[in-house]
Amino acid sequence: MYASKIKNIFGKGEKMEKEKTYFEKEAPVAEVCEENLYRLNGRVPLRKAIPFGLQHVLAMFVANLAPVMIVCGAAIVQGTQNHLTAAEITQILQCAMFAAGIGTTMQLYSFWKIGSRLPIVMGVSFTFLGSLLIICTNPALGYEGMVGAVILGGIFEGLVGLSAKYWRRFLTPVVSACVVIAIGLSLLSVGMDSWGGGSGVEDFGAWFPATF
């Protein structure tokens with residue numbers, strides 16, 4: 001009994017220490033210096049803030065638009081062999097950027113259990129690219145089937161995320177590394193198609209587009 005009481009006392013102490021550290025990190029910082037680059041509300045000089053901000057935005061644009069362009073370039077309309085038009089792909093890209101803005105705002109200004117209160121830019125992920133390509137290139141499913149799969153997968157992933165405290169300990173570095181390797185291997189065919197000049201082109205594999 002005494003051992004359990006001592007354990008509870010130490011447990012509460014550790015929890016209070018973590019909460020104290022958390023609020024210290026969130027505390028506004030009035031001083032402007034380069035060390036504040038790694039603080040949540042830290043202020044850094046403009047000569048550091050501007051280039052890092054531009055780098056962050058450019059990296060976000062590439063990571064957010066590249067998966068959409070890969071999927072839309074291969075997707076076909078359900079029940080046909082027709083690909084998406086340039087106007088439709090442009091609209092999808094705009095929707096991706098708009099959704100990324102909403103997700104980023106929710107991360108910055110959290111409510112309930114949603115959001116981290118950190119400057120995290122949300123966007124499209126390469127993780128499910130292989131699965132989406134299989135669905136969207138199937139004439140029986142097409143682009144419409146892929147959208148339905150994304151909606152159901154998003155709901156499932158949200159429910160799994162809310163229960164992360166129960167399974168987070170199983171995600172060791174080895175597991176994460178295997179997932180990243182699997183993603184890279186699944187994208188090899190996409191890279192080879194692009195290197196050969198693009199999927200479905202008449203001169204696929206010609207030396208000129210493959211070289212330049």
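The analysis underlying the following values was restricted to heavy atoms, covering all of them including side chains, and did not include hydrogens, waters or symmetry mates.
To the nearest 0.5 angstrom, Leu108 atom CG is 11.5 Å from Met106 atom CE. If you take CD on Gln55 and CD1 on Ile50, they are separated by 14.0 Å, rounding to the nearest 0.5 Å. Summarising the geometry, atom CG belonging to Leu93 is positioned 9.0 Å from atom CG belonging to Asn64; distances are rounded to the nearest 0.5 Å. The OG1 atom of Thr137 sits 10.5 Å away from atom CG of Leu132, with the distance rounded to the nearest 0.5 Å.
The side-chain heavy atoms of Ile92 and Leu84, taken from C-beta on, include a pair separated by under 4.5 Å. Here the side chains of Met60 and Met97 are in contact, with some heavy-atom distance below 4.5 Å. Looking only at side-chain heavy atoms (C-beta outward), Met146 and Leu133 stay at 4.5 Å or farther from each other. A heavy-atom distance below 4.5 Å is found between the side chains of Val160 and Trp167.
The hydrophobic clustering, which links ILVMFWY residues whose side-chain heavy atoms are closer than 4.5 Å, places Phe128 and Ile134 apart. Note on Phe170: it clusters hydrophobically with Val175, by side-chain heavy-atom contacts below 4.5 Å among ILVMFWY residues. In this structure, Ile155 is a member of the same hydrophobic cluster as Ile135, with clusters built from ILVMFWY side-chain heavy atoms closer than 4.5 Å. Note on Leu152: it does not cluster hydrophobically with Val71, by side-chain heavy-atom contacts below 4.5 Å among ILVMFWY residues. Note on Met69 and Tyr143: same hydrophobic cluster, where clusters join Ile, Leu, Val, Met, Phe, Trp and Tyr whose side-chain heavy atoms are under 4.5 Å apart, directly or indirectly.
Shown here for Ala96 and Val68, the closest heavy-atom pair between the two residues is CB-CG2, 3.9 Å. Looking at every heavy atom in both residues, Pro139 comes nearest to Thr80 through CB-O, 4.3 Å. The two residues Ala100 and Gly123 come nearest to each other via the heavy atoms CB-CA, 4.1 Å.
With hydrogens and angles disregarded, a donor-acceptor distance shorter than 3.5 Å links the side chain of Gln78 to the backbone of Ala140.
In Leu185, the CG atom is crowded: over 12 heavy atoms of neighbouring residues, nucleotides or ligands sit closer than 6.0 Å.
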Which is it for Glu144 and Val77 under the side chain to side chain contact (heavy atoms under 4.5 Å, CB included) test, yes or no, and what are the steps along the way?
CA-CA 7 Å; Glu144 294 82 353; Val77 180; 3.6 Å; yes
